[in-house]
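What you are looking at is a predicted structure, and each value in this text was computed from that prediction instead of being measured.
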Amino acid sequence: MLDDFYTLNQIEPQGEGKYICRITLNPAHPIFAGNPITPGVCMLQIIKELTEKITQKKLFLSKTSQVKFMTLINPHTAGELSLQLELTEQPEAIVVKNVTSFGDTIALKLTNTYKLC
């Protein structure tokens, strides 16, 4: 859905249901024209796409909770992001706890619940 918005550099398993995903944002993407700030909805989509890639399942975002946008993500100064994902599978859903950061700066914390499609 976010064609050419970011590049997935690495998915690194960290143990049972835990992963670190490293991505690079594309500062030349049209969404940044005039305002080089990553929209929160794009971060939600990235987390969904990464979770689908890890689980190899089609997902539908059904709930977002405990959302904290801690700082703005500018692709010119913070283009490389690290997303820590902790996945818990339930009978009809997957719960994902996320911490997104660049360098030593935490940019986003949230918990998403995805229903299986």
Task: Residues that Thr64 engages under side-chain hydrogen bond (donor to acceptor under 3.5 Å, both in side chains), provided they are two or more places apart - done: Asn112

- [ ] Please examine the side chains of Lys115 and Glu92, heavy atoms only from C-beta on, and report whether any two atoms are closer than 4.5 Å.
- [x] no

Task: Stepwise side-chain contact (heavy atoms from CB on, under 4.5 Å) check, Leu83 with Asn98 - done: CA-CA 7 Å; Leu83 292 90; Asn98 166 258; 3.8 Å; yes

Open item on the list: Would you say Ile31 ends up clustered with Ile46 if hydrophobic residues are merged whenever their side chains have heavy atoms under 4.5 Å apart, either directly or through other cluster members?
Closed with: yes

TODO: Give, for atom CD of Gln10 and atom CD1 of Ile23, the distance between the pair rounded to the nearest 0.5 Å.
DONE: 13.0 Å

Task: Any residue meeting salt bridge (Lys or Arg N to Asp or Glu O under 4.0 Å) with Glu86, in chain and number order, not counting sequence neighbours - done: none

Open item on the list: To the nearest 0.5 Å, what is the distance between CD1 on Ile106 and OG1 on Thr100?
Closed with: 10.0 Å

Open item on the list: Under 4.5 Å between side-chain heavy atoms, counting indirect links through other Ile/Leu/Val/Met/Phe/Trp/Tyr residues: same cluster for Ile37 and Phe69 or not?
Closed with: no

Open item on the list: Measuring from atom CG of Leu85 to atom NZ of Lys97, what distance do you get when rounded to the nearest 0.5 angstrom?
Closed with: 13.0 Å

- [ ] Might you point out which heavy atoms bring His29 and Asp3 nearest each other, and give the distance in Å?
- [x] NE2-O, 3.1 Å

Open item on the list: Nearest 0.5 angstrom please: Lys48 NZ to Leu61 CG, how far?
Closed with: 8.5 Å

Open item on the list: Looking at Glu12 and Ile20, would you say the former's side chain and the latter's main chain have a donor-acceptor pair under 3.5 Å?
Closed with: no

- [ ] Return the minimal non-hydrogen interatomic distance between Ile47 and Tyr114, and the atom names on each side.
- [x] CG2-OH, 3.5 Å

Task: Main-chain N/O of Thr113 paired to Ser62 side chain as donor or acceptor, under 3.5 Å - done: yes

Task: Heavy-atom pair of closest approach, residues Leu108 and Met70 - done: N-CG, 4.1 Å

Task: More than 12 heavy atoms of other groups within 6.0 Å of Phe60 CZ - done: no

Open item on the list: Measuring from atom NZ of Lys68 to atom OG1 of Thr111, what distance do you get when rounded to the nearest 0.5 angstrom?
Closed with: 10.5 Å

TODO: Check Leu25 against Pro27 and note the closest heavy-atom contact, atom names and distance.
DONE: O-CD, 3.1 Å

- [ ] Any chance you could measure Leu81, atom CG, to Asn9, atom CG, to the nearest 0.5 Å?
- [x] 10.0 Å

Open item on the list: Quick check: closest heavy atoms across Lys109 and Val99, and the distance to 0.1 Å?
Closed with: CG-CG2, 4.1 Å

- [ ] Side-chain contact test, heavy atoms from C-beta onward, threshold under 4.5 Å: evaluate it for Ile54 versus Cys21 and give yes or no.
- [x] yes

TODO: Give the minimum heavy-atom separation between Glu80 and Thr24, together with the two atoms involved.
DONE: CG-OG1, 3.8 Å

- [ ] Verify salt bridge (Lys or Arg N to Asp or Glu O under 4.0 Å) between Glu49 and Lys53, making sure each step is shown before the conclusion.
- [x] CA-CA 6 Å; Glu49 289 177 6; Lys53 187 163 189 69; over 6 Å; no

- [ ] Apply the side-chain contact (heavy atoms from CB on, under 4.5 Å) test between Thr55 and each candidate in Leu50, Val96, Ile94, Leu116; give the one that qualifies.
- [x] Ile94

TODO: May I ask you to test the Thr77-Phe102 pair for a side-chain heavy-atom distance under 4.5 Å?
DONE: no

